[in-house]
Visitor: 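Just passing along the structure, written as structure tokens.
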Amino acid sequence: MLKIKSLCVSYGAVEALANVSVHVSEGEFVSLIGSNGAGKTTLLNSIMGIVPSAQGEAIFMDKSISSMKIHQAAAKGIALVPEGRRVFSNMTVLENVLMGGFSKSSKENSEKLEEIYSMFPVLKERKNQLAGMLSGGEQQMLAIGRALMCRPRLLLMDEPSMGLAPLVIKDVYEKLAALSKTGLTILLVEQNAAMALKYADRGYVLENGRIVLQGSAKELLGDNEVKRAYLGKEYKEKWER
Amino acid sequence: MQFLYSGLTGGSIYALVALGYNIIYNTTGLINFAQGEFVMLGGMLIYTLFAVFGMPFIIAFPLAVVTALIVGLLFERVFINLVRVKSDINLITVTIAASILLRDFAMHIWGRDTVTVGEFMPVKSIELPGGVISNQSIMVIAVGACIAFILHLFLKRSKYGRAMRACFDDMTAAGICGINAVMVRVMSFGVAAAVGAAAGVLISPITFVTYDDGLMIGLKGFAAAILGGLGSFWGAVAGGILLGLLESFAATIMPSGYKDAIAFVVILLILFVKPAGLFGKRMAKRV
């Protein structure tokens, strides 16, 4: 469904992504893990058309999306839940959600809205509050709800665990797993490797702008290098086992 | 009381101009210093359509506003869109340049002299407690209030109005939602021009129109926007009316020659004492 072929992105002289190739098939839940500054957000932003790519190609549903503007990518059926949520803080929760369905008719939106309310009841309870007043977890739910309003085929999730309490993170991931079960394709980037790999089908490891490992989520969870670098386990443990 | 009535009339106009500033500020973060020129343009257009071509007012008014709206759209396409590096300071400087251009065009088209638009309806004075008010003034206040209310509904209820507010909150997130940020910017210039021109039409029979009117009324509207708190909708309305009242009442204690200075004294005082403006709470959210 999504194919990224040897993508290179630079910020001035700094090369953020070098020859990154990633693919996501229809219905898959793929996690891409990496530490701070590995280029995770850059990858998603580049798919979405927020940052331009220097080289390489992104193909979505057999069409190149490399030179698309943000709103055109959104119209193609790609939705991004950006890093740090980025809800419209001066608008109410309801207005935020409706904004996600900007390009859809109001009838389509009111149907989808009910669906989203039943998935995230908290959004219904707080629909008239300003989004800036919500807690981090609620804002994350709102950002996901907003992204779902445009009925995406591919959901890009940028660091959903950022700044959230462990229980809330679990809640967010449960929702994502449920969405994935309904057939939604998800590409998620995350520092929290344990969480990201636990719920995903497949994974990639990004380091300094390069893909260094890939495999099924189980394989990656069992990989010694991943354990050491991302799951906080020492070499010692590995030797002892 | 008489000062109250005349203050309200002037204040309604300032409020509309201040709203024009806010529309553009709220979507792009820019101050459009050509906003006053749209007011002048509204006055000149109604002069052309109503006084020269003799169209009925009921047709000439919307036509003038729509023409100004189109000029606003072109204004964005030419002056804002073509600027390569869209930093705020570049764009604001461009709006100042554009305002001078518009003023000079107006001077060539309509001449240097003040033009008289004539009355939109037979003038009657209405006795009110403590003074008289002309039906012209009542029309200015009533239509001004209507425009402000329609604008409020547009921003709160309509999809495009919400998109404009979303762009102000977070341009990138708005793009993610499928909103074309450039389209919203074009639209905001169009709407702001239309609101400014409507103000220009309303005030034209009372103050007449001169090609360089835009400068002063633009700056006073800006003062009103600052007074109410830049970016706040009802702040602009309140700031405009307050400024109108201040000007009007100041005439009782000061020589009327100082009338124009009031607006600038207000800007200074606000910036010294309460930089966010009287009703500007939502400022500084923009990242």
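Atom set for the values below is all heavy atoms of this structure, side chains included, hydrogens, waters and symmetry mates excluded. Predicted, not measured: the structure shown is a model, and the values here were computed from it. Quick note on labels: first sequence line is chain A, next is B, and so on, each numbered from 1.
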Visitor: How about A:M133: does its CE atom have over 12 heavy atoms from other parts shown lying under 6.0 Å from it?
Guide: no
Visitor: Measure the shortest side-chain to side-chain distance between A:P82 and B:T172 over non-hydrogen atoms and say whether it is less than 4.5 angstrom.
Guide: no
Visitor: If you look at every heavy atom in B:D170 and A:F88, which pair is closest and at what distance?
Guide: O-CE2, 3.6 Å
Visitor: Do other residues, nucleotides or ligands put more than 12 heavy atoms under 6.0 Å from the CD1 atom of B:I89?
Guide: no
Visitor: At a 4.5 Å cut-off on heavy atoms, which part of A:K69 comes close to chain B: side chain, backbone, both, or neither?
Guide: neither
Visitor: Please report the closest heavy-atom contact between A:F102 and B:C177, naming both atoms and the distance.
Guide: CB-O, 3.7 Å
Visitor: Tell me whether the count of non-hydrogen atoms from other residues, nucleotides or ligands lying under 6.0 Å of NZ in A:K175 goes above 12.
Guide: yes
Visitor: Going by heavy atoms in the side chains, are B:I179 and A:H71 under 4.5 Å from each other?
Guide: no
Visitor: For B:F272, is the CZ atom crowded, meaning more than 12 foreign heavy atoms sit under 6.0 Å from it?
Guide: no
Visitor: Taking side chain as everything from C-beta outward and backbone as N, CA, C, O, which of these in A:L80 sits under 4.5 Å from a heavy atom of chain B? Side chain, backbone, both or neither.
Guide: both
Visitor: Quick one: of A:M91, A:R85, A:Q72, who has the most non-hydrogen atom pairs under 4.5 Å with chain B?
Guide: A:M91
Visitor: Step through the shown structure and confirm whether more than 12 heavy atoms of other residues, nucleotides or ligands are within 6.0 Å of CZ on B:F149.
Guide: no
Visitor: Is atom CD of A:Q55 surrounded by more than 12 heavy atoms (other residues, nucleotides or ligands) closer than 6.0 Å?
Guide: no
Visitor: Heavy-atom distance under 4.5 Å to chain B: side chain of A:M48, backbone, both or neither?
Guide: side chain
Visitor: Calculate, to the nearest 0.5 Å, the distance between atoms OG1 and CZ belonging to A:T92 and B:R162 respectively.
Guide: 8.0 Å
Visitor: For B:Y160, does the OH atom sit with more than 12 other heavy atoms under 6.0 Å from it, leaving out its own atoms?
Guide: no
Visitor: Using a cut-off of under 4.5 Å for heavy-atom pairs, which of B:G175, B:A173, B:A166, B:G178 has the most such pairs with chain A?
Guide: B:A166
Visitor: Taking all atoms of both residues into account, what is the closest heavy-atom pair of A:I70 and B:I176, and its distance?
Guide: CG2-N, 3.6 Å
Visitor: State plainly whether the residues B:R165 and A:E95 are in salt-bridge range, i.e. N to O under 4.0 Å.
Guide: yes
Visitor: Could you tell me which portion of A:R86 (side chain, backbone, both or neither) has an atom closer than 4.5 angstrom to a non-hydrogen atom of chain B?
Guide: both
Visitor: Taking atom CG of B:N81 as the centre, report whether more than 12 heavy atoms of other residues, nucleotides or ligands fall under 6.0 Å from it.
Guide: yes
